[in-house]
Q: 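One structure, pasted below without further comment.
The chains referred to below are lettered A, B, ... by the order of the sequence lines, with proteins before strands, and numbering in each begins at 1.
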Amino acid sequence: MTAAAGERFGDRIFRLSLAAAAGLILLAALALAVQLSWASRATWAQFGPAFLWGRTWDPVAGSFGALPFLYGTAVTSALALLIAVPLGVGSAVFLTELAPRRLADLLGFAIELLAAVPSVILGLMGVFILVPAVRAVEPELTRTLGFLPFFRGAPYGVGFLAAGLILALMILPYITTVAREVLRTVPPPLKEGMYALGATRWEVVRGVSLPYARSGIFGACFLALGRALGETMAVTMVIGNAPDISASLFAPGYSMAAVIANELAEAAGDAHLSALIAIGLALLAVTVVINGLARLMIYRLERRA
Amino acid sequence: MNASVYARRRRVNALMLAATAACAAVSAGVLLGILGYIAWKGASSLSWSFLTELPKPVGETGGGIANSILGSVKVVGLAGLMGIPVGVASGVYLAEYGRTGRFAFCVRYAADVMNGVPSIVIGLFAYALVVMPMKRFSALSGSVALALIMIPIILRNTEEFVRLVPGTIREAALALGVPRWKVAAFVVLPTAGRGIATGALLALSRAAGETAPLIFTAFGNRYWDQGLLGPIATLPHTLYNYAISPYADWHQQAWAAALILMAFMLAVNVAARVWLRPPSTGAL
């Protein structure tokens, strides 16, 4: 049908101009990768891949290693998933299996709205509410869980723990919304069969719904992970902005996105700029891989449904 | 024995279901908490002069954020002028001409990839693309970044809504001898118009809340902007600067700015919801 011999002139112009617009996004995606690689070439030439596991970040001395940022991003994202996945999947189960239709719509909308709250506003809440709260709770955690290395150290308030908590809030709506969509695809006959055998609601959820939706829920978690890795403002405001690696969740740290946000506008020279863009390139690579995996898992479930 | 097993199963059932209800309550409660707190903190420092005046010099109390509000309107507006036509056109292309085929697959894939790219990385791209060659921070570079964030959202949304237009409508028009492009532009597009417009509005509101890509593109400004090729203040960015500042007066202003931003986001999202229920969850 396309490119048919008899295609009218107007049709052809119209189709081609639409295709040009569509090509623009393809071009932008390619240009993004190329631009960032090119703009960070000095860093890769000087440090090579060792840039990624270098431990010191000292722009003044011209020594650049990205490990503290990779570590901070990984720790805060993992913490966020640890908190948000049970909460999100739990909410999704409640919304699909239990809540009356109207209540489910209302709660679902409220949770989706959480995704619309700008990151900087969550950061503001983080600075003035979450950080003082975390600072107040930290000595208590040290007293009860202090035998673990994660819960030791001075209670600054700002640090990995605060950043992980605020990230959890930011990815919660994504997990809930996708998990809810996926749980809706569970065929009712499967559930009815189990009810007919005398199962309780929870047993049906555990025995049928969750296993059936498993790959989609994993997909949701990966999608959320992709968001968490690149989340900038709220994390920047509460993570403490210190390029250190420490086992304690109370310690201030740094993340990949945060260092770009903080230092790029006033980068101290070309080497610094190039190193920051190199971190951006690494962040791009990680999020593309994670998102690719997430799509794969969700596509797989959709094909089965 | 049997009775006790049954009782235990019922207890587990009740317990777990209550736990899921608690999860949902916590999730929704967080939103209400945020909205309530911002309304409470923000309302106390909101005033007419806050909306209409320029910021006062550092150290003086008072002043407003009028330049940031106007700046946000300009930057987001320009982003919309660039992003909406491209997003809608490519969405229509995918739905009308690109249901199958290699090119369409690549475009769809690129849109999904771009949608998942962190906004700060998009900002870096705009920085390398616009700021570095021009050697100056500018409203234009901020708009380019925001447009790149909007396009994939609008594209997927438009495609979804154009696909919902029944084939019979197209066939009816084609049977009357209407050229295919006129069918797409004057029959299909208006039919899907409401959904497309809502999607574009949601994308605009998402862009209006972005801060990360603007820090090193639009850069911020404590005065009125000097046109689109100079640095410009935006509402979320000013909010950020005030929030991390050491001045109590600026903290107060940050809450007021948060109230304005949040009220805008809320209005757009609720309006979109009321005006039209999306076919699926959209932006994911």
Q: Is Leu169(A) in contact with chain B via its backbone, its side chain, both, or neither, using a 4.5 Å heavy-atom distance?
A: side chain
Q: If you draw a 6.0 Å radius around OH in Tyr195(A), do more than 12 non-hydrogen atoms from other residues or ligands fall strictly inside?
A: yes
Q: Look at Ala31(A), Ser91(A), Ala28(A), Ala39(A) and state which one has the largest set of heavy-atom pairs under 4.5 Å with chain B.
A: Ser91(A)
Q: Between Ala22(A) and Tyr93(B), what is the shortest heavy-atom contact and its length?
A: CB-CD2, 4.0 Å
Q: Would you name the heavy atoms of Leu124(B) and Gly280(A) that are closest together and state the gap between them?
A: CD1-CA, 3.5 Å
Q: Name the region of Thr236(A), side chain, backbone, both or neither, that has any atom closer than 4.5 Å to a heavy atom of chain B.
A: side chain
Q: If you define the side chain from C-beta out and look only at heavy atoms, does anything of Ser90(B) sit under 4.5 Å from Leu18(A)?
A: no
Q: Side chain, backbone, both or neither: which part of Leu122(A) has a heavy atom under 4.5 Å from chain B?
A: side chain
Q: Check each atom of Leu172(A) against the heavy atoms of chain B and say whether the ones under 4.5 Å are side chain, backbone, both or neither.
A: side chain
Q: Can you say whether Ile290(A) sits under 4.5 Å from chain B via the side chain, the backbone, both, or neither, judging by heavy atoms?
A: neither
Q: Which atoms of Ile111(A) come close to chain B, meaning under 4.5 Å heavy atom to heavy atom: side chain ones, backbone ones, both, or neither?
A: side chain
Q: How many angstroms lie between CZ in Arg8(A) and CZ in Arg180(B), if you round to the nearest 0.5 Å?
A: 11.5 Å
Q: From Glu231(A) CD over to Ile120(B) CD1, what is the distance, rounded to the nearest 0.5 angstrom?
A: 9.5 Å
Q: For residues Ala24(B) and Phe94(A), report the shortest heavy-atom separation together with the two atoms involved.
A: CB-CD2, 3.4 Å
Q: Measure the shortest side-chain to side-chain distance between Phe9(A) and Trp181(B) over non-hydrogen atoms and say whether it is less than 4.5 angstrom.
A: no
Q: Could you walk me through whether Arg295(A) and Tyr109(B) pass side-chain contact (heavy atoms from CB on, under 4.5 Å), step by step?
A: CA-CA 10 Å; Arg295(A) 300 265 164 218; Tyr109(B) 192 78; 6.0 Å; no
Q: Counting only non-hydrogen atoms closer than 4.5 Å, does Thr232(A) touch chain B with its backbone (N, CA, C, O), its side chain (CB onward), both, or neither?
A: side chain
Q: Checking heavy atoms, do the side chain of Met114(B), its backbone, both or neither come under 4.5 Å from chain A?
A: side chain
Q: Chain B heavy atoms under 4.5 Å from Val117(A): which part of the residue, side chain, backbone, both or neither?
A: both
Q: Measure distances from Ala21(B) to the heavy atoms of chain A and classify the residue's part below 4.5 Å as side chain, backbone, both or neither.
A: both
Q: Within the 4.5 Å heavy-atom criterion, are Val86(B) and Ile25(A) side-chain neighbours or not?
A: no
Q: Search all heavy atoms of Asn269(B) against all heavy atoms of Leu113(A) and return the closest pair with its distance.
A: CB-CD2, 3.5 Å
Q: Report which part of Val270(B) has an atom under 4.5 Å of a heavy atom belonging to chain A: side chain, backbone, both, or neither.
A: both
Q: Non-hydrogen atoms of chain B under 4.5 Å away: do they reach the side chain of Leu273(A), the backbone, both or neither?
A: side chain
Q: For Arg99(B), does the CZ atom sit with more than 12 other heavy atoms under 6.0 Å from it, leaving out its own atoms?
A: yes
Q: Is it the backbone or the side chain of Leu36(A) that comes under 4.5 Å from a heavy atom of chain B, or both, or neither?
A: side chain
Q: Which one, Val127(A), Ile260(A), Val89(A), Leu107(A), leads in non-hydrogen pairs under 4.5 Å with chain B?
A: Ile260(A)
Q: For the CE atom of Met16(B) and the CZ atom of Arg206(A), what is their distance to the nearest 0.5 Å?
A: 8.5 Å
Q: Could you look at Ala115(A) and say if it's the side chain, the backbone, both or neither that has a heavy atom under 4.5 Å from chain B?
A: neither
Q: side-chain contact (heavy atoms from CB on, under 4.5 Å), that's the test. Do Leu124(A) and Tyr242(B) meet it? Break it down for me.
A: CA-CA 10 Å; Leu124(A) 181 70; Tyr242(B) 281 13; over 6 Å; no
Q: Is it the backbone or the side chain of Leu98(A) that comes under 4.5 Å from a heavy atom of chain B, or both, or neither?
A: side chain
Q: Using a 4.5 Å cut-off on heavy atoms from C-beta on, say whether the side chain of Glu210(B) contacts that of Met233(A).
A: no
Q: Please find the pair of heavy atoms, one from Gly198(A) and one from Arg9(B), that lie closest to each other, and give the distance.
A: O-NH2, 2.9 Å
Q: Just so I understand: if I count every heavy-atom pair under 4.5 Å between each of Leu239(B), Ile151(B), Leu15(B) and chain A, which residue has the most?
A: Leu239(B)
Q: With a 4.5 angstrom heavy-atom cut-off, could you sort out which part of Leu155(B) is near chain A: side chain, backbone, both or neither?
A: side chain
Q: Heavy-atom cut-off 4.5 Å, strictly under: side chain, backbone, both or neither for Leu17(B) against chain A?
A: both
Q: Which one wins on heavy-atom pair count under 4.5 Å against chain B: Leu284(A), Leu283(A), Leu87(A)?
A: Leu87(A)
Q: Which answer fits Val113(B), side chain, backbone, both or neither, if we ask what part of it has an atom under 4.5 Å from a heavy atom of chain A?
A: side chain
Q: Stepwise, does the side-chain contact (heavy atoms from CB on, under 4.5 Å) test hold for Val121(B) with Leu281(A)?
A: CA-CA 8 Å; Val121(B) 175; Leu281(A) 184 66; over 6 Å; no
Q: With side-chain contact (heavy atoms from CB on, under 4.5 Å) as the criterion, how do Leu114(A) and Ile34(B) come out once you've worked through the C-alpha distance, each side chain's angles and the decisive distance to 0.1 Å?
A: CA-CA 9 Å; Leu114(A) 196 55; Ile34(B) 292 174; 4.0 Å; yes
Q: Which of the residues Pro236(B), Ala254(B), Pro213(B), Cys23(B) is involved in the greatest number of heavy-atom pairs with chain A at under 4.5 angstrom?
A: Cys23(B)
Q: If I take atom CZ from residue Phe219(B) and atom CD from residue Glu266(A), how far apart are they, to the nearest 0.5 angstrom?
A: 6.5 Å
Q: Against chain B, work out which of Ile129(A), Leu229(A), Leu27(A) has the most heavy-atom pairs shorter than 4.5 Å and name it.
A: Ile129(A)
Q: Below 4.5 Å, heavy-atom pairs only: which of Asp11(A), Leu26(A), Val120(A) has the largest tally toward chain B?
A: Asp11(A)
Q: Side chain, backbone, both or neither: which part of Val107(B) has a heavy atom under 4.5 Å from chain A?
A: both
Q: Can you tell me how far the CZ atom of Arg201(A) sits from the CG atom of Asn13(B), to the nearest 0.5 Å?
A: 8.5 Å
Q: Side chain, backbone, both or neither: which part of Asn291(A) has an atom under 4.5 Å from a heavy atom of chain B?
A: side chain
Q: In terms of heavy-atom pairs under 4.5 Å, which option from Val288(A), Val93(A), Thr287(A), Leu32(A) contacts chain B the most?
A: Leu32(A)
Q: Looking only at heavy atoms, what is the nearest atom pair of Pro118(A) and Leu261(B), with distance?
A: CG-CD2, 3.9 Å
Q: Quick check on Ile215(B) against chain A: is it the side chain, the backbone, both or neither that has a heavy atom closer than 4.5 Å?
A: both
Q: Once you round to the nearest 0.5 Å, how far does CE of Met265(B) lie from CD1 of Ile121(A)?
A: 7.5 Å
Q: Parallel, tilted or perpendicular: which one describes the rings of His251(B) and Phe128(A), with boundaries at 30° and 60°?
A: perpendicular
Q: When you compare the side chain of Trp202(A) with that of Arg10(B), does any pair of heavy atoms fall below 4.5 Å?
A: no
Q: Answer with side chain, backbone, both or neither: which region of Leu24(A) has an atom nearer than 4.5 Å to a non-hydrogen atom of chain B?
A: side chain
Q: Tyr127(B) versus chain A, heavy atoms under 4.5 Å apart: side chain, backbone, both or neither?
A: side chain
